[in-house]
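Remarks on the structure that follows.
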Amino acid sequence: MPREKEFSSNEVLIQAADLFTRHGYAGTSMSMLTEELGVAKQSLYNAFGDKEALYLQSLQALINDSPLVRAIQVRLGVERTGRVRIADFFSVVLSECTHPDHPGCMVSAGLLEMQQDSLLGQQLQARWHASTEMLRSAVEDGQRDGAGPE
């Protein structure tokens with residue numbers, strides 16, 4: 001009978017994202033991950049695959065957990081003008097980026113490090129474009145709905 005894993009996958013992914021953001025992909029070794037995450041190397045491989053797969057999964061977990069993404073997304077059943085979404089987005093940016101423990105942006109840091117034609121570079125570019133598209137959509141919605149300054 002296989003042994004149950006003794007960690008929360010999402011928590012491990014968020015912590016891994018923090019390490020990748022702070023140290024970069026190349027600067028984050030599997031040894032560093034196992035030590036900082038408190039998870040055995042084989043358990044990491046079993047749960048997430050290789051380092052590249054762990055990176056991509058941690059990026060997705062970070063995006064799913066991101067207050068920035070939530071701030072500019074159109075949520076079903078919630079009426080929010082484009083202006084409100086943009087204000088929420090920049091409020092979160094200011095709050096997070098001025099916090100002394102904020103590691104930075106994993107996507108931006110990764111784009112600076114990765115070759116654009118690599119799989120990871122392409123995934124990061126897709127994430128960047130998706131984020132800018134959400135913000136562009138919020139601006140267009142604000143123009144359409146005519147929500148002016150308060």
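Counting from 1, the numbers follow the sequence of the chain as shown.
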| task | For side-chain contact (heavy atoms from CB on, under 4.5 Å), just list the numbers for Arg85 and Thr81, CA-CA rounded to whole Å, side-chain angles, deciding distance to a tenth of an Å, and then say yes or no. | result | CA-CA 6 Å; Arg85 289 171 33 222; Thr81 65; over 6 Å; no

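- The backbone N or O of Ala17 lies less than 3.5 Å from a partner atom in the side chain of Thr21, making a donor-acceptor pair.
- The aromatic rings of Phe48 and Phe7 are tilted relative to each other, their planes meeting at an angle between 30° and 60°.
- Using a 4.5 Å heavy-atom threshold, the side chains of His23 and Met32 count as touching.
- Without hydrogens or angle criteria, Lys51 side chain to Thr28 main chain gives a donor-acceptor distance under 3.5 Å.
- One N or O on the side chain of Thr132 and one on the backbone of His129 form a donor-acceptor pair closer than 3.5 Å.
- Taking CD of Gln60 as the start and CG of Asn10 as the end, the distance is 10.5 Å to the nearest 0.5 Å.
- Under a cut-off of 6.0 angstrom, the local environment of CD in Glu11 is sparse, with at most 12 non-hydrogen atoms contributed by other residues, nucleotides or ligands.
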| task | Walk me through it: do Val12 and Leu33 pass the test side-chain contact (heavy atoms from CB on, under 4.5 Å)? | result | CA-CA 9 Å; Val12 165; Leu33 286 162; over 6 Å; no

| field | side-chain contact (heavy atoms from CB on, under 4.5 Å) evaluation trace for Gln42 with Asn46 | value | CA-CA 6 Å; Gln42 192 58 49; Asn46 290 342; 3.0 Å; yes

| request: Could you walk me through whether Arg127 and Met106 pass the side-chain contact (heavy atoms from CB on, under 4.5 Å) test, one step at a time? | output: CA-CA 10 Å; Arg127 297 296 180 196; Met106 186 175 175; over 6 Å; no

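- Atom CG in Leu135 sits 10.5 Å away from atom CD in Glu140 (nearest 0.5 Å).
- In terms of modelled atom types and a separation under 3.5 Å, the side chain of Thr98 and the main chain of Leu94 share a donor-acceptor contact.
- In terms of modelled atom types and a separation under 3.5 Å, the side chain of Glu113 and the main chain of Gly24 share no donor-acceptor contact.
- Rounding to the nearest 0.5 Å gives a distance of 8.0 Å between CG of Leu19 and CZ of Arg22.
- Here the CE-CG distance, from Met114 to Leu120, works out to 4.5 Å after rounding to the nearest 0.5 Å.
- Ser137 places no side-chain N or O within donor-acceptor distance of the main-chain N or O of Glu133, the cut-off being under 3.5 Å.
- To the nearest 0.5 Å, atom OG of residue Ser29 and atom CD of residue Glu35 are 8.5 Å apart.
- Between Arg144 and Asp141 there is a salt bridge, with a side-chain nitrogen of the basic residue lying less than 4.0 Å from a carboxylate oxygen of the acidic one.
- A pairwise comparison of heavy atoms in Ala40 and Thr34 identifies C-CG2, 3.9 Å as the closest pair.
- In this structure, the side chains of Tyr45 and Met30 come closer than 4.5 Å at one or more pairs of heavy atoms.
- Distance alone, capped at 3.5 Å, places no donor-acceptor pair between the Gln115 side chain and the Gly121 backbone.
- In terms of modelled atom types and a separation under 3.5 Å, the side chain of Ser58 and the main chain of Leu54 share a donor-acceptor contact.
- No donor-acceptor pair closer than 3.5 Å links the side chain of Gln57 to the backbone N or O of Leu13.
- For the atom pair OH (Tyr25) and OH (Tyr55), the distance works out to 9.0 Å, reported to the nearest 0.5 Å.
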